[in-house]
Amino acid sequence: MISVAILLALHGLFAAIWVGGLAFAYTVLRPSVDVMPPPERLTLLARIFRRWFVWIWHAVVIIPLTGYLVMFMLYGGFAGADGFIHLMQGLGWIMVIAFLILFFGPYPAFRRAVAAQDWAGAAPRLLAMRRIIALNLALGLATVAVGAGGRFWAAFP
Ligand code: HEM
């Protein structure tokens, strides 16, 4: 089934882009920019978020869309899907909601504070974003493990 192969490839690629970005942001970017003075650091982060979030918006649309299409093509719908698919979609929706909370909550306030050069005001917004990024990194790693290995958990209900 070539269409399933293409849809799952897209699913896996956008999972890699999303979760890979989270891992890079948390483990490499954050400690690297932490040594910079706030004006440079916060301005750079605002520019990074603007470009990065475009990719995440693609992921939050493409991953569920391809996931549900494959679920219907391979398992015939929700009722026929294995337990690990339900776990994956549950974790996936928590990740999507967490991203939406970040995007419409602390992020606009962070951007406004940086535009106004209010560095003290930007810091708590960045901290709130960082917490959500850490949460989504943990959830994303778990979701990839579930998605990639789940079909071999024979005992999972
Ligand atoms: C939101 C709803 C989602 C649905 C309905 C869904 C559905 C699926 C399905 C049906 C498969 C094929 C499973 C198989 O038979 O082996 C799959 C695989 C996979 N999923 Fe999901 N998924 C969702 C979200 C996610 C998220 C958020 C991630 C990671 C960020 C993810 C990562 C993966 C990975 C890594 C695989 C295995 C690689 C691949 O086949 O592309 N999924 N998913």
Side-chain angles (χ1 to χ4, degrees), residues 1-34 41-42 44-111 114 122 124-157:
M1 276 201 280
I2 186 69
S3 47
V4 169
I6 292 169
L7 290 170
L8 264 189
L10 271 174
H11 192 79
L13 285 170
F14 275 89
I17 288 169
W18 189 4
V19 182
L22 289 164
F24 175 80
Y26 204 76
T27 61
V28 178
L29 180 68
R30 182 179 71 105
S32 304
V33 299
D34 263 0
R41 178 167 56 93
L42 296 166
L44 175 66
L45 286 173
R47 297 176 66 186
I48 287 171
F49 289 145
R50 191 159 55 84
R51 285 180 176 77
W52 183 32
F53 291 164
V54 174
W55 286 98
I56 299 185
W57 271 111
H58 282 80
V60 300
V61 174
I62 289 169
I63 291 176
L65 187 70
T66 53
Y68 287 117
L69 283 171
V70 172
M71 189 180 84
F72 276 86
M73 291 161 92
L74 285 187
Y75 300 92
F78 286 88
D82 290 345
F84 83 93
I85 305 282
H86 295 301
L87 183 56
M88 174 167 24
Q89 58 168 320
L91 291 169
W93 282 116
I94 298 173
M95 289 181 69
V96 171
I97 291 165
F99 172 68
L100 294 178
I101 290 172
L102 179 155
F103 191 85
F104 293 108
Y107 176 53
F110 171 78
R111 247 187 4 208
V114 171
R125 274 64 191 242
L126 184 62
L127 182 65
M129 291 175 71
R130 189 174 282 178
R131 289 195 175 126
I132 297 175
I133 289 171
L135 170 74
N136 258 2
L137 172 57
L139 291 171
L141 292 173
T143 313
V144 167
V146 171
R151 65 160 61 221
F152 300 102
W153 304 346
F156 199 73

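What's counted below: heavy atoms across the whole structure, side chains too, no hydrogens, waters or symmetry copies. Atoms within each ligand, like the ligands themselves, are counted from 1 in listed order.
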Which residue pairs pass the side chain to side chain donor-acceptor pair (under 3.5 Å) test with at least one member in residues 65-76, sequence neighbours excluded?
H11-T66, Y68-Q89, Y68-W93
Could you find the nearest protein heavy atom to atom 12 (C) of ligand 1 and give me its residue, atom name and distance?
L8 CD2, 3.7 Å
Considering only the protein, which heavy-atom contact is closest to atom 16 (O) of ligand 1, and what is its distance?
R151 NE, 2.7 Å
Between R41 and V33, which heavy-atom pair has the shortest distance, and what is it?
CD-O, 2.8 Å
Would you say atom 38 (C) of ligand 1 makes contact with the protein, given that contact here means a non-hydrogen protein atom less than 4.0 Å away?
no
Assign the ring pair F110 / Y107 to parallel, tilted or perpendicular, where the plane angle (0 to 90°) is split at 30° and 60°.
parallel
Correct closest heavy-atom pair for I133 and W52 would be CD1-CZ3, 4.1 Å
Using heavy atoms and a 4.0 Å limit, tell me yes or no: is A148 in contact with ligand 1?
yes
Looking only at protein heavy atoms, what sits closest to atom 15 (O) of ligand 1 is Y75 OH, 2.4 Å
4.5 Å side-chain heavy-atom contact, W153 and D82
no
Can you tell which of W18, Y68, F84, F14 gets a heavy atom nearest to atom 5 (C) of ligand 1?
Y68
When the ring planes of H86 and F78 are compared, do they come out parallel, tilted or perpendicular, using 30° and 60° as the limits?
parallel
Considering all heavy atoms, the nearest P64-A59 contact:
CD-O, 3.8 Å
The atoms of ligand 1 lying under 4.0 Å from a heavy atom of V19, numbered in the order shown, are 30 (C)
Hey, which protein N/O/S atoms does atom 21 (Fe) of ligand 1 have under 2.8 Å?
H11 NE2, M88 SD
Would you mind running through ligand 1 and noting each atom that sits below 4.0 Å from a heavy atom of M71?
10 (C)
Please identify each residue that fulfils side-chain contact (heavy atoms from CB on, under 4.5 Å) with R30, with sequence neighbours left out.
Y26, D34, R130
Suppose we screen for ring-ring contact (aromatic ring centres under 6.0 Å, His included). Which residues come up paired with W55, at least two apart in sequence or across chains?
none
Measure from NZ or CZ of R50 to the centre of the six-membered ring of F53, then state whether that distance is under 6.0 Å and the direction lies within 45° of the axis.
no
